[in-house]
Amino acid sequence: MKKSVLLEIEQLSKSFGGVHAVQNVSFCVRDQEIVAIIGPNGAGKTTLFNIVTGILPPTSGSVLFKGMPVTGKKPYQLAALGITRTFQNLQVFTNMTVIENVMVGMHTRLKTGIFSAGFRLPQVFKEEKQALKQAMACLEQVGIAHLAFEKADILPYGTQRLVEIARAAASQPSLILLDEPMAGLNPQESKKLVDVLLAMRNNGMTFLFVEHDMETVMAIADRVIVLDYGKKIAEGCPEEITQHPDVIKAYLGEEEGASC
Amino acid sequence: MKLDVKRIHTGNAKWSLLFTVLLLGLPLIFSTNNYLLSTLIMVGFYTIVSTGLTLLMGYAGQISLGQAAFYGIGAYTSAYLTAHAGVSSWLAMAAGAAIAAMVALIVGIPAFRLREHYLALATLGFGIIVFTFFKEWKGITGGLNGFFGIPPIQLFGFPLQTDFQFYYLVWIFALIGVLFARNIVRSRVGRALLSIHGSEIAANSLGVNITKYKLQIFMISAVYASVAGSLYAHYVTFINPDLFGIVPSIYFLIMVVIGGTGNVWGGLIGAAVYVCLGELLKEMVPMFIPNAGGEFEIVFFGLLLVIILIYMPNGLSHSLSKVLKRVSSTSRHRKEPILVAENENAGSVGGEH
Ligand SMILES: Nc1ncnc2c1ncn2[C@@H]1O[C@H](COP(=O)(O)OP(=O)(O)OP(=O)(O)O)[C@@H](O)[C@H]1O
Ligand SMILES: [Mg+2]
């Protein structure tokens, strides 16, 4: 049985001056899939994420989410529609506690505006209580509920990654984009994160993630998309990808380049 | 572990309440000390302005160098409408607030379209323009000669004229202002503001409409300043443009930095320190430098700003709340030894208290 298409990327291109960071990339992500994007450094993976999440406008091409064109929408609008993300270079709110970070993630699910907040109308208190409970559940899901009331900036790198993931999942979006979620994690931490992601998927979440760590990709990806110099050079299940001659060439080519 | 909304917020209700009671009880004890009352009334005006500015700077991370212009908009609107148009003082105050909010919206929309510190530049320019308006629009403001004869504020038909009465008026406004700010901070909106300060790109990607919140809080801060200006005009009954120029705007900024941007009481603490140091300077400076004028003040506060930014970037309220917490925790069983250790380490940075 084929699941319905959640995200559709059509002929997407992005140039920065003369740099063609993304060129004519098309693919789709289906409901409850875990799709990996791999490729050498500078292949355009983060740029692709930035376009899909509305941070950068594409030079050409379009993005469809649940069949609806969303190209040109602002990040906060996409979040309300159900796309959130994490960042390659951590973007945890270091001026808040862990639980508050996650509660920001619930922003689109809550209603309090500036006046009802200022006058602290009764429903605000109710909402806060509920939000706290749900945020706590999100933290439990990634296994850091005991750190809820710590300031986020004192946490080790790996834990901050978990905060970002809990935060991105807090609004129960349909799709989460993870930009190198395993970077900086030790083997136990990444093993735990793999379990967390698989569990979230079983609860109905869909993931598109960029990852350099092939072990993780092999472990959780249903499908892999390979980018090189902004172009999609291969797509398939993990086993196919590791056999793919172009992929081997792209990666070996990079290694040769690195050694000189 | 019990899940309680109170656990998110580190503020201490007990101390806030004690302080409020002290503040409201003070005039009963010192009812004849007009110097004390009038000084504290000034602190009250500044508290209102800097509490609004704290929301903007400390929570949303946006800097305004034109807050005195909103203060002036409130003052002149109240002055003109009550003295020349016979409008009730409360209605005039509301009109001033509405104008200030509109002006903030008009300044804010283009300023927030640009990046980070453009609001600082935009408000600086805006402050100069408004100051020029106050100076040149003589038909309404009286120009450099000033605006005379602003009638007292009326409450249920009674004019509030004594310092004793005005003390309560201004401090009720100030405390409501602090409470309103505290309520905003402890909600979805407050977290949205903090998230903008923390990382705009992450806030945006999580669904926070950054521009909307920046505009809203800028407008709110303008309303705070305007209301304070209205009250001020009725209190002093005479105003002139110099009270609302760039230098006062910079003083408001300094108050916020002194008080600390991460705490809703920061504005009050900054205002109190500013007024007290200002009074002290007025006494002390002539003793050492007989011919010194007002320039001395700005040099002094400029230096203080730099020192605070270097040695106490979180401001006095931060250090103070740590001290209070430590006082409370000695009498109470602590459940979070790790947190206490962290606090103590950080506390040694700005260990003035
Ligand atoms: N804002 C920008 N302005 C100009 N060039 C950019 C910008 N963002 C990315 N690029 C360029 O686009 C190309 C793709 O960058 P991108 O960050 O998408 O790569 P990546 O695949 O995520 O790499 P990495 O694995 O190192 O994270 C690079 O050549 C990069 O220098
Ligand atoms: Mg990248």
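Here is the naming used below: chain letters follow the sequence lines, and residue numbers restart at 1 for every chain.
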Checklist entry - Hey, does the side chain of A:Q160 reach the backbone of A:L155 with a donor-acceptor pair shorter than 3.5 angstrom? => result yes

Next on the checklist: Taking every non-hydrogen pair under 4.5 Å, which of A:F115, A:F93, A:Y76, A:F119 racks up the most with chain B?
Outcome noted: A:Y76

Next on the checklist: Let's test your reading of the structure: which of A:V124, A:I55, A:T53 forms the most heavy-atom pairs below 4.5 Å with chain B?
Outcome noted: A:I55

Item to check | Distance-only side-chain donor-acceptor flag, A:E33 / A:T206, under 3.5 Å | outcome: no

Item to check | B:R182-B:N263 side chain donor-acceptor pair, cut-off 3.5 Å | outcome: no

Checklist entry - Can you tell which of A:A79, A:G118, A:A131, A:G54 has the highest number of heavy-atom pairs within less than 4.5 Å of chain B? => result A:G118

Item to check | Which atoms of B:I220 approach chain A - backbone, side chain, both or neither, heavy atom under 4.5 Å | outcome: side chain

Checklist outcome for this item: Honestly, the part of A:Q77 sitting under 4.5 Å from a heavy atom of chain B is neither

Item to check | ring-ring contact (aromatic ring centres under 6.0 Å, His included) partners of B:F19, counting only residues at least two apart | outcome: B:W265

Checklist entry - Considering only heavy atoms, which portion of A:I83 lies under 4.5 Å from any heavy atom of chain B: side chain, backbone, both, or neither? => result backbone

Item to check | A:H107 and B:Y213 aromatic ring geometry - parallel, tilted or perpendicular at 30°/60° bounds | outcome: perpendicular

Checklist entry - Relative to chain A, which segment of B:A203 carries a heavy atom at a distance below 4.5 Å: side chain, backbone, both, or neither? => result both

Item to check | Listed once per pair and sorted, the side chain to side chain donor-acceptor pair (under 3.5 Å) pairs that draw on residues 169-179 of chain A, sequence neighbours left out | outcome: A:T46-A:D179, A:K66-A:S174, A:R109-A:Q172

